Structures are given as C-alpha cells and as structure tokens.
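Counting begins at 1 with the first residue of the sequence. Each ligand, and each atom within it, is numbered from 1 in the order the structure gives. Everything quoted here is computed from the prediction, not taken from an experiment.
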Amino acid sequence: MSESPRVVLLGAPGAGKGTQGRRLADAFDVDHVATGDIFRANADMETEYGTPQEYMERGELVPDEVVNEIVREYLSDLDGWVLDGYPRNLAQAEYLADLGGVDVVVHLDVAREELIDRLTGRRECAECGATYHVDFNPPEEAGVCDECGGELVQREDDEPETVETRLEEYAAQTKPVVDFYRDDAPEVDFVSVDGEQSLDGVFADVREAVERRVEDS
Ligand code: AMP
C-alpha cells in the first residue's frame, strides 16, 4: 500500500460517516468521496433509471449501474480515498473489489434509537455541507453555519417516514456488506468502532485503525 490509504466507512444513516469521513480524509490528505453528497449535488441528473432525487426522497438506494459508474470515475485518478456511503450492498462491494480493492474498513456502530434521535435533529449547511445537531452539536448561532455563515437546513430524507425506510434498506442491503468485510475478506483490515462516544473519541479510534494499516505497509 502507498502512504495514501483506501478506506471504506460503513455505518447506518446517522452513524457519523460524513463527519468522521471528512476529518479522516483531512488527516491522511486523501479525498473524501461521499456518494450521498454527490447525489445531492446532482439530484436532477437524468439517467435511464430516472433521477437520483426520485430514489433519495423515498429513502431507497439509487440503482447500482448509476452508482458504480460514478464511483469508478471519481476514484480513477486517486491513490487513496475515504469512501463514505459506498458500497451499500454486496454487488457494489464486488464492483469495488474489481476496481482495485480496499485497505481498511471502519464500521461505525450505533444503536437504532440513537440513530433516529440523531437523524431527526440533524441539520446541514446548505453552502459547505458541515453537519450539526440541534441538541448534540448545535452551532453557535441557531440556523447559521459556524464554518462559513451559510444557512442550516434539514435534509428532506431526514424526515421520520423516510428515516424508517433508510434504516430498513441499511438492515437488508448494507448489513451483509459489514458481515462480508468482517468475516470473508482477509485482505482487508476490518475494525468496528463504538460510534456512540464523543466525536473526538470516535475519531481517535477511527484514526488509529487507519494509522495501524499505514504503518504496517
Ligand atoms: P447518504 O447521504 O449516504 O445517507 O445517502 C443519501 C441517499 O443517496 C441514499 O438514501 C440513497 O438514496 C443515495 N445513495 C448514496 N449512496 C448510495 C449508494 N452507494 N448506493 C445507492 N444509493 C446511494
């Protein structure tokens, strides 16, 4: 492995992948590639399966053909990366293996009740994408981003019914990916981190998992 690690962050919606993914990518000086962010920025993109927006507003997964192609393009010029939100099913995990594979998989483990509290209180900056929580991680001034002064908004898919569908999709489609990397991918360093610690506590564990692999290479 080069100095630039290839990391997959797995975890249910609300587990903290975005927050931790951005910090991790900064710390190791690699790109943070978040498929959800890419789809939100290209929600109206026409594909033969319809637009990403149609799937996102129902809380369903965008078809593999669309996601895989986007990920292939994003990763094509990169040595290392932090992938956040991909792979989300076994077919995507196989596709990623064909693209060259993964060094470290970090699973952020958070209980269901906590996920629901986090998702429904989550707010995101419309300008820079920084994330907050109305109770657990509030901005200095309500509704305003500390980083850039942008407006904080609730994601449409963080509304309660959509949250329910997203958690079901995770259990049915993405949980098997966690099991696969843990049990059947010996070439990958798999680490499950307690995602209910403080943001800094989670980050320390995530960082350590990746550092260990970089040092061993
Ligand atoms: P996220 O921000 O990761 O929670 O993703 C938001 C939405 O984008 C998901 O509910 C899906 O509709 C879509 N999406 C993101 N990543 C993927 C993926 N790897 N496969 C399919 N759909 C995805």
**Q.** Heteroatom proximity flag, Leu61 to ligand 1, N/O under 3.5 Å
**A.** no

So for Arg155 against ligand 1, with non-hydrogen atoms under 4.0 Å, the contacting part is side chain

When distances are taken from atom 16 (N) of ligand 1, the protein heavy atom at minimum range is Thr35 OG1, 2.7 Å

In ligand 1, the atoms that come under 4.0 Å of a heavy atom of Gly85 are 16 (N), 17 (C), 18 (C), 19 (N)

min-distance protein heavy atom vs atom 1 (P) of ligand 1 -> Arg88 NH2, 3.4 Å

Are any of the heavy atoms in Lys17 under 4.0 Å away from ligand 1?
no

Here the gap from Glu127 atom CD to Cys145 atom SG, rounded to the nearest 0.5 Å, amounts to 8.5 Å

Short version for Val67: what comes under 4.0 Å of ligand 1, heavy atoms counted, is side chain

Between the side chain of Glu94 and the main-chain N/O of Ala91, is any donor-acceptor distance below 3.5 Å? no

Ligand 1 to Tyr86, heavy atom cutoff 4.0 Å, flagged ligand atoms 19 (N)

For Arg118 and Glu196, the nearest pair of non-hydrogen atoms, with its separation, is NH2-CA, 3.9 Å

In terms of heavy-atom contacts, Asn89 and Val177 come closest through C-CG2, 3.3 Å

Notebook entry, point to check: Is any side-chain N of the basic residue among Asp117 and Arg122 closer than 4.0 Å to the acidic one's carboxylate O?
Noted result: no

task: Could you tell me whether Glu169 and Arg166 have a side-chain N and a carboxylate O separated by less than 4.0 Å?
output: no

field: Between Asp205 and Gln197, a side-chain donor and acceptor under 3.5 Å
entry: yes

Any N or O of Pro13 closer than 3.5 Å to N or O of ligand 1: no

Logged contact type for Glu60 with ligand 1, heavy-atom cut-off 4.0 Å, is backbone

for atom 20 (N) of ligand 1, nearest protein heavy atom and its distance come out as Gln92 NE2, 3.0 Å

What's the verdict on side-chain hydrogen bond (donor to acceptor under 3.5 Å, both in side chains) for Asn68 and Tyr86, showing C-alpha distance, side-chain angles and the deciding distance? CA-CA 9 Å; Asn68 288 342; Tyr86 182 97; 2.7 Å; yes

shortest atom 14 (N) of ligand 1-to-protein heavy-atom contact is with Phe39 CD1, 3.7 Å

Query raised in the report: Between Arg212 and Asp189, is there a salt bridge with N-O shorter than 4.0 Å?
Result: no

Note: Arg40, heavy atoms under 4.0 Å from ligand 1, region reported as side chain

So CG of Leu96 and CG of Leu83: to nearest 0.5 Å the spacing works out to 6.0 Å

for atom 7 (C) of ligand 1, nearest protein heavy atom and its distance come out as Met56 CG, 3.7 Å

Closest to atom 22 (N) of ligand 1 among protein heavy atoms sits Val62 N, 3.0 Å

Short N or O distance, Arg166 and ligand 1, threshold 3.5 Å exclusive: yes

